[in-house]
S.K.: 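Before I ask anything, here is the structure I am working with.
Here is how names work: the chains are called A, B, and so on, in the same order as the sequence lines, proteins then strands, and each is numbered from 1.
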2 protein chains.
Amino acid sequence: MTATSLPSSTDESGCCPTTSPQAMGEAEALQAAQILKAVADPNRLRLLSIVKNGPSDGTCVCDLTGPLQLGQPTVSHHLKILVDSGLLAREKRGTWAYYTLVPHALQKAAELITEL
Amino acid sequence: MTATSLPSSTDESGCCPTTSPQAMGEAEALQAAQILKAVADPNRLRLLSIVKNGPSDGTCVCDLTGPLQLGQPTVSHHLKILVDSGLLAREKRGTWAYYTLVPHALQKAAELITEL
DNA sequence: TCCTTATATCGATGAATGTCAATCTACGTA
DNA sequence: TACGTAGATTGACATTCATCGATATAAGGA
């Protein structure tokens with residue numbers, strides 16, 4: 001994420017003016033895509049929705065496996081992706097694991113789209 | 001894949017209350033994920049960025065193949081995905097094709113994340 | 001200590017996806 | 001009409017990803 005400015009090939013063919021100077025760089029795009037990929041899955045969207053609309057002290061995994069009709073390992077896998085991308089936080093209380101939304105993470109993810 | 005409302009298993013184990021009632025449904029999640037998938041790719045993010053910061057009357061393909069260091073068929077393929085998902089509009093003028101942002105499409109895509 | 005329950009991890013598999021080379025279509029021009 | 005160029009389409013290939021069964025870990029209870 002250092003020099004994001006591109007060479008801006010001055011096309012001689014006469015079709016196009018020049019590459020716009022403030023276009024998103026390669027590294028920046030890669031990082032943004034990684035977070036957006038975490039959200040761009042129907043089952044993970046539903047997981048986020050359930051957690052968001054659930055109790056503020058967290059939603060446990062047993063409340064997530066039922067609605068999605070997926071196996072427990074699969075749900076755990078999706079939850080890991082959401083935690084690794086900074087969207088969900090995991091807290092273990094006793095035998096159970098509770099997931100909560102990371103405060104402004106969804107807002108920040110949305111801004112990756114609006115602030116191109 | 002017919003009845004999207006699930007039995008909402010009233011778990012007897014004492015761990016969890018019940019499935020939250022206003023969670024996103026299966027069909028809704030699938031549709032949202034389809035649009036978000038279109039955005040969740042580094043090269044497509046850069047395409048959107050270039051078009052957004054480009055001239056208001058559209059950016060032609062020859063201005064898009066250069067910065068991305070991808071072959072012309074690959075760029076065309078990504079552009080098709082963005083058009084099919086309603087984010088970009090294509091207009092052919094003469095030999096060239098010009099792409100523009102569909103007015104509030106990016107905003108709407110972002111709201112798919114914030115309004116879960 | 002043994003057993004049960006909740007969750008995570010591992011390995012395999014089939015499907016979806018990004019990329020390219022080759023080809024096709026449409027338009028402009030000599 | 002023939003040629004050159006811009007862009008889209010097709011088919012193939014490699015990679016990534018979602019899912020599952022089996023297993024591991026960890027905590028609580030008998």
S.K.: Base, sugar-phosphate or nothing for R44(A)? Non-hydrogen atoms, less than 4.0 Å.
M.R.: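 Since only primed, P, OP1 and OP2 atoms lie under 4.0 Å of R44(A), the category is sugar-phosphate.
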S.K.: Output a table of nitrogen or oxygen pairs between the protein and nucleotides 20-23 of chain D separated by less than 3.5 Å.
M.R.:
unit_1  : atom_1 : unit_2 : atom_2 : d
dC20(D) : OP2    : G71(A) : N      : 3.1
dC20(D) : OP2    : T74(A) : OG1    : 3.0

S.K.: In whole angstrom, give the distance that lies between atom CG of L36(A) and atom P of dT16(D).
M.R.: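 After rounding, the reported distance stands at 19 Å.
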S.K.: Just the rounded figure in Å: distance from P of dA6(C) to OH of Y99(A).
M.R.: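 Going from OH in Y99(A) over to P in dA6(C) covers 15 Å.
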S.K.: Any side-chain N or O of R93(A) below 4.0 angstrom from OP1/OP2 of dA27(D)?
M.R.: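 No, R93(A) has no side-chain N/O under 4.0 Å of OP1/OP2 on dA27(D).
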S.K.: Distance check needed: dT9(D) C1' versus H78(B) NE2, whole Å only.
M.R.: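 Interatomic distance, NE2 of H78(B) to C1' of dT9(D): 15 Å.
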S.K.: Output the single nucleotide from dT7(C), dT19(D), dT9(C) whose closest atom is nearest the side chain of K80(A).
M.R.: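 Selected nucleotide (nearest to the side chain): dT9(C).
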S.K.: Could you give the CG-to-P distance, from L79(A) to dC17(D), as a whole number of Å?
M.R.: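 Computing the L79(A):CG to dC17(D):P distance gives 17 Å.
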S.K.: For I81(A) and D41(A), what are the C-alpha separation, side-chain angles and deciding distance, and is it a side-chain contact (heavy atoms from CB on, under 4.5 Å)?
M.R.: CA-CA 11 Å; I81(A) 290 175; D41(A) 177 273; over 6 Å; no
S.K.: Just the rounded figure in Å: distance from P of dA16(C) to CG of D41(B).
M.R.: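 Computing the D41(B):CG to dA16(C):P distance gives 18 Å.
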S.K.: Closest to the S76(A) side chain: dG18(C), dT9(C), dA8(D)?
M.R.: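 So the side chain of S76(A) is nearest to dT9(C).
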S.K.: Where do N or O atoms of nucleotides 27-30 of chain C meet protein N or O atoms at under 3.5 Å, pair by pair?
M.R.:
none

S.K.: Nearest whole angstrom, please: distance from the P of dA18(D) to the NZ of K37(B).
M.R.: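 The distance from NZ of K37(B) to P of dA18(D) comes to 6 Å, rounded to the nearest Å.
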